[in-house]
Asker: 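I'd like to ask you about the structure that follows.
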Amino acid sequence: MVKKYTCPNGVRILVEKLPYVRSVSMGIWVNVGSGNESPEENGLTHFIEHMLFKGTYSRTAKEIAESFDRIGGQLNAFTSKENTCYYAVTLDHHAEKAITILADMFFHSKFTDADIEKERQVIFEEMAMVEDTPDDDVDERLWNTMYPTHPIGAPILGTEETLETFTKEKIESYMYENYTPDKVVISVAGNVSDDLVNKIISLFDQFQNKSHHSKILKAPPVFRAGNIEKESNTEQSHIAIGFEGLTVKDPDLVSLLVVNNILGDTTSSRLFQQIREEQALAYSIFSYYSAYEHAGAFMIYGGTSPEKLTVLEETILKITEKMVKDGVSPIEIQYAKEQLESNLLLGLETSNDFMNRNAKNELLYGEEKTVEQTLKELYAVDEESVNRVIQRLLTKPFARSVIQPAKGI
């Protein structure tokens, strides 16, 4: 059971006690991601995530890292299109120390010019790594094709041009506008003591930055069908096809999970069996989806040799067209639901899993969504709802992203 505390300043603290584990996972979640950025800010949310590890007024970056290494803890962060999270996992008796360091990073990072320049170079290398990972690169280009006029389609890392403009003043201004108490959720799960809860309240109740609401609300994302191709120094051709998906609160979202499972999320799926096992057209072939508050996408990825790309794409489309025409069978739905139930329950084996789930539910729904509620929604999926989702998604125009080996390679 999740217990929720709301500080007078608006910060929400979620606590789920799991007395059967020895770990505690804690995350500072901020309801701001790359989808909140203006074109000039593209990449700034992610840049700030990196900068919070570069040192505070009382701890150097090395001291922060050593503090966690010496207690066997984990410290990390991530930026998505809608949220930023700074998190730690430690043994229960080190939890108060861990949250104290996280709070210090959150409130007292220095953002020196020297550190900003160093981290700028690190993120340039991260961008190069994406370029060298064609399955990531083709997906990123697909998002820009699907949502070309909205920040949700822009790269989370930003661009070299925007990255060059980031300064201490720009970082602090962005945080002043976006890192406000009403957007912050502290999620803690594991063998949590009352002393730890009191410590978290005392650390984050001091947070007095007000909600400014000064930014103009962006227009909702609009999906566009389109095509983008790129030549690169790769051995394989890579293709990603994207259909407009469902938002995270769409009542058909759980049925989409079933569609995804049947089409391409497993080794028994239609895409895997027909494309890899029967026709040997690709080693890697799968479907996947992303669902956000105001937009979503349902996507298919495949990588193959250049001479097989056309046949691979034709086969993918034939499989989706057959699904549209004939639907799916009750037995496929039953198997998919059983597997999704297992995935949900097996995905809640650690304190970190609970910490993540609770924070996402709070940020999306403003309340706890129990496992039993989620399973009830899954059990309610039937042939009608699955085939409705197929018609909603797979009958519409799609976007296409391809990376091909450069000529002569």
Side-chain angles (χ1 to χ4, degrees), residues 2 29 31 33 35 80-83 85 139 142-143 146-147 150 152-153 185 187 220-223 240-266 269-271 286-301 320 323-324 327-330 332-348 353-354 356-399:
V2 180
W29 293 71
N31 193 18
S80 72
K81 293 181 184 293
E82 290 189 327
N83 300 301
C85 176
D139 174 83
L142 179 65
W143 273 96
M146 294 187 294
Y147 294 102
H150 194 277
I152 201 169
V185 170
S187 181
V222 177
F223 179 91
I241 293 171
F243 298 86
E244 183 175 10
L246 305 179
T247 64
V248 74
K249 294 182 182 178
D250 193 294
D252 277 336
L253 183 63
V254 181
S255 296
L256 172 58
L257 270 63
V258 173
V259 172
N260 182 51
N261 185 278
I262 295 169
L263 180 61
D265 190 39
T266 67
S269 66
R270 294 186 180 190
L271 286 172
F286 54 86
S287 64
Y288 57 114
Y289 72 95
S290 293
Y292 299 109
E293 185 176 3
H294 300 296
F298 182 51
M299 296 156 285
I300 298 168
Y301 164 83
T320 59
M323 184 173 267
V324 168
V328 297
S329 67
E332 285 180 299
I333 296 173
Q334 177 187 331
Y335 289 158
K337 288 163 69 173
E338 289 175 355
Q339 187 170 67
L340 290 166
E341 178 182 8
S342 295
N343 291 346
L344 171 62
L345 297 178
L346 292 174
L348 290 173
D353 297 326
F354 284 91
N356 277 281
R357 175 182 171 83
N358 296 338
K360 290 175 182 177
N361 283 336
E362 177 65 28
L363 289 168
L364 290 170
Y365 307 109
E367 61 184 11
E368 178 187 5
K369 188 174 184 181
T370 67
V371 173
E372 289 72 26
Q373 286 174 297
T374 302
L375 288 175
K376 184 177 180 181
E377 293 174 359
L378 178 61
Y379 298 152
V381 172
D382 56 20
E383 194 172 355
E384 179 184 355
S385 67
V386 168
N387 288 321
R388 179 173 64 245
V389 168
I390 292 170
Q391 295 298 320
R392 284 183 66 184
L393 272 57
L394 299 183
T395 60
K396 305 291 177 60
F398 57 84

Asker: Step by step, work out the side-chain contact (heavy atoms from CB on, under 4.5 Å) result for Val328 and Arg270.
Answerer: CA-CA 11 Å; Val328 297; Arg270 294 186 180 190; 3.7 Å; yes
Asker: Which of these passes side chain to side chain donor-acceptor pair (under 3.5 Å) with Asn261: Gln339, Glu338, Lys337?
Answerer: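 Result for side chain to side chain donor-acceptor pair (under 3.5 Å) with Asn261: Gln339.
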Asker: Between Ser290 and Met299, is any pair of side-chain heavy atoms under 4.5 Å apart?
Answerer: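 Yes, at least one pair of side-chain atoms sits under 4.5 Å.
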Asker: Could you state the interatomic distance from CG (Leu393) to CG (Asn260), rounded to the nearest 0.5 Å?
Answerer: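 Those atoms lie 10.5 Å apart.
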Asker: Can you name the nearest heavy-atom pair linking Gly264 to Ser269, along with the distance?
Answerer: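 Heavy atoms of Gly264 and Ser269 come nearest at CA-OG, 3.2 Å.
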Asker: According to the ring-ring contact (aromatic ring centres under 6.0 Å, His included) rule, which pairs have a member within residues 242-266, sequence neighbours left out?
Answerer: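 Listed once each, the pairs are Phe243-Phe398.
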Asker: Mind checking the NZ-NE2 spacing from Lys81 to His294? Nearest 0.5 Å is all I need.
Answerer: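 The distance works out to 14.5 Å.
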Asker: List the steps, then state whether side-chain contact (heavy atoms from CB on, under 4.5 Å) holds for Trp29 with Glu362.
Answerer: CA-CA 10 Å; Trp29 293 71; Glu362 177 65 28; over 6 Å; no
Asker: Are Tyr365 and Val248 side-chain neighbours, meaning at least one heavy-atom pair lies under 4.5 Å?
Answerer: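 Contact flag for Tyr365/Val248 side chains = yes.
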Asker: Should Val222 and His150 count as side-chain neighbours, where that means a heavy-atom distance under 4.5 Å?
Answerer: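 Heavy-atom side-chain distance check fails, nothing below 4.5 Å.
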Asker: If we only count heavy atoms from C-beta on, is the Leu271 to Phe286 side-chain gap below 4.5 Å?
Answerer: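 Result no, sub-4.5 Å side-chain heavy-atom pair not found.
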Asker: What heavy-atom pair brings Pro397 and Phe223 nearest, and what distance separates the two atoms?
Answerer: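 Shortest heavy-atom contact: O-CE2, 3.6 Å.
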Asker: Could you tell me which non-hydrogen atom of Gly242 sits nearest to which non-hydrogen atom of Met146, and how far apart they are?
Answerer: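 Nearest heavy atoms, Gly242 then Met146: CA-SD, 3.9 Å.
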Asker: Minimum heavy-atom separation for Tyr147 to Gly296, with atom names?
Answerer: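 That closest heavy-atom pairing would be OH-O, 2.8 Å.
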Asker: How many angstroms lie between atom CG of Asp353 and atom CG of Leu345, to the nearest 0.5 angstrom?
Answerer: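 Asp353 atom CG to Leu345 atom CG measures 11.5 Å (nearest 0.5 Å).
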Asker: Among pairs that include at least one residue of residues 244-253, which meet salt bridge (charged side-chain N to carboxylate O under 4.0 Å, His left out), considering only residues two or more places apart or in two chains?
Answerer: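 Output for this query lists Asp250-Arg392, Asp252-Arg388, Asp252-Arg392.
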Asker: Got Ser287 and Ile300 here, is their nearest side-chain heavy-atom distance under 4.5 Å?
Answerer: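 Side chain of Ser287 against side chain of Ile300, heavy atoms only: contact under 4.5 Å found.
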Asker: Roughly how far, to the nearest 0.5 Å, is the OG atom of Ser255 from the CG atom of Asn387?
Answerer: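 Going from the CG atom of Asn387 to the OG atom of Ser255 covers 10.0 Å.
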Asker: So do the side chains of Ile262 and Met323 get within less than 4.5 Å of each other, counting heavy atoms only?
Answerer: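 Contact flag for Ile262/Met323 side chains = yes.
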Asker: So that I know where these two stand, are Phe298 and Tyr289 an aromatic pair - ring centroids less than 6.0 Å apart?
Answerer: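 Ring centres of Tyr289 and Phe298 not closer than 6.0 Å.
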Asker: List in chain and number order the residues that pass salt bridge (Lys or Arg N to Asp or Glu O under 4.0 Å) with Lys369, two or more places apart in sequence or in another chain; answer none if no residue qualifies.
Answerer: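 Lys369: salt bridge (Lys or Arg N to Asp or Glu O under 4.0 Å) contacts with Glu377.
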Asker: Is it the case that over 12 heavy atoms from other parts of the model lie below 6.0 angstrom from the OH atom of Tyr335?
Answerer: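 At most 12 heavy atoms, drawn from other residues, nucleotides or ligands, come within 6.0 Å of this atom.
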Asker: Hey, is the main chain of Val381 close enough, under 3.5 Å, to the side chain of Ser385 for a donor-acceptor pair?
Answerer: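 No; zero donor-acceptor contacts below 3.5 Å.
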Asker: To the nearest 0.5 Å, what is the distance between CG on Leu246 and OH on Tyr292?
Answerer: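 Rounded to the nearest 0.5 Å, the CG-OH separation comes out at 14.0 Å.
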Asker: Measure the OG1-CG distance between Thr266 and Asn343 for me, rounded to the nearest 0.5 Å.
Answerer: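 The distance works out to 9.5 Å.
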Asker: Could you go through the side-chain contact (heavy atoms from CB on, under 4.5 Å) check for Phe354 and Leu348 one step at a time?
Answerer: CA-CA 6 Å; Phe354 284 91; Leu348 290 173; 4.0 Å; yes
Asker: So do the side chains of Val258 and Leu378 get within less than 4.5 Å of each other, counting heavy atoms only?
Answerer: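 Of all side-chain heavy-atom pairs linking Leu378 with Val258, at least one is under 4.5 Å.
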Asker: Tell me, do Leu344 and Arg357 make a side-chain contact under 4.5 Å, heavy atoms counted?
Answerer: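 Leu344 reaches Arg357 side chain to side chain.
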